[in-house]
Amino acid sequence: MMRSVVRGCAAGAVGTTVLNAVTFADMALRGRPSSQAPAQTVDKIAGGVGCPVPGAGEARENRLSGLGGLSGIAVGVGTGVVASLARHAGLRPPWWLGGLATGALAMTATDLPMARLGVSDPAGWSVTDWVSDAVPHLLYGLATYGALLHAAGE
C-alpha cells in the first residue's frame with residue numbers, strides 16, 4: 001500500500017508539472033494573466049475555518065498567491081495518490097480512460113470548491129474558459145496515469 005502512495009505522489013508530481021507547463025505556455029501565447037481563483041479559494045477556505053491569512057496589502061496578496069499555487073500542487077499530488085490507490089484496489093482501465101478519469105477528478109477537485117465558495121461560476125464560462133481549464137487537466141490526467149503505469153512496469 002505504501003508503494004502505491006509513493007507512486008501516486010510521484011505520478012501526481014509529473015502530472016502537475018505538465019499541467020503547469022501547459023498553463024504557463026497558454027499564458028505566454030495568449031498574453032493572459034494568471035488566474036486569481038486559487039488565491040481567492042484559499043482566502044475563503046482559510047477565513048471559513050477561522051485561520052485567516054495574515055498580513056495586509058501586497059504582502060498578504062503574495063502569501064495568497066503562493067498558497068494558491070501550493071494548493072494546486074497538493075491537489076495534483078493528492079489526485080495522483082487517489083488514482084494509484086484505485087489501481088491498487090483493482091481498478092485498471094486502459095491508459096487513455098484512466099488518464100481521462102484522473103484528469104476529470106483533478107479538474108473536479110479544483111473547480112468544485114471554487115464554484116461552491118462563489119469564487120467562480122463554471123456555468124458562466126465561455127468556450128475559451130472551458131478549453132483553458134479542460135486541456136491542462138486532461139494532459140495532467142494522461143501524464144499522471146501514464147507515469148503510474150510506467151512505475152508499475154506496465
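Just so it is clear, the structure is predicted and the values come from calculations on it, not from any experiment.
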May I have the list of side-chain donor-acceptor pairs in residues 48-60 shorter than 3.5 Å, sequence neighbours left out?
from	atom 1	to	atom 2	distance (Å)
R60	NE	V53	O	3.0
R60	NH2	D43	OD1	2.5

Heavy-atom pair of closest approach, residues [X] and [Y]:
X: A143; Y: G15; value: CB-CA, 4.1 Å
X: T102; Y: A83; value: OG1-CB, 3.8 Å
X: P113; Y: T41; value: CB-CG2, 4.4 Å
X: A37; Y: M114; value: CB-SD, 3.2 Å

Residue pairs fulfilling salt bridge (Lys or Arg N to Asp or Glu O under 4.0 Å) with at least one residue in [range], sequence neighbours excluded:
range: residues 94-110; result: none
range: residues 20-32; result: D26-R30, D26-R32
range: residues 72-91; result: R87-E154
range: residues 108-135; result: none

When you measure from the side chain of S84 to the backbone N and O of G80, does any donor-acceptor pair fall under 3.5 Å?
-> no
What about [X] and [Y], same hydrophobic cluster or not, with Ile/Leu/Val/Met/Phe/Trp/Tyr joined at side-chain heavy-atom distances under 4.5 Å?
X: V131; Y: V18; answer: yes
X: W130; Y: V22; answer: no
X: V127; Y: M107; answer: no
X: V82; Y: L148; answer: no
X: W95; Y: L97; answer: yes

Once you round to the nearest 0.5 Å, how far does CZ of R7 lie from NE2 of H150?
-> 11.0 Å
Neighbour count above 12 (heavy atom, 6.0 Å) for W96 CH2 = no
Side chains of L100 and L138: does their closest heavy-atom pair fall under 4.5 Å?
-> yes
Can you find a heavy atom in the side chain of M1 that is under 4.5 Å from one in the side chain of L85?
-> yes
Passes side-chain hydrogen bond (donor to acceptor under 3.5 Å, both in side chains), S132 versus W125? Steps please.
-> CA-CA 10 Å; S132 294; W125 290 0; over 6 Å; no
With sequence neighbours excluded, residues passing side chain to side chain contact (heavy atoms under 4.5 Å, CB included) with A106 = T79, H137, Y140
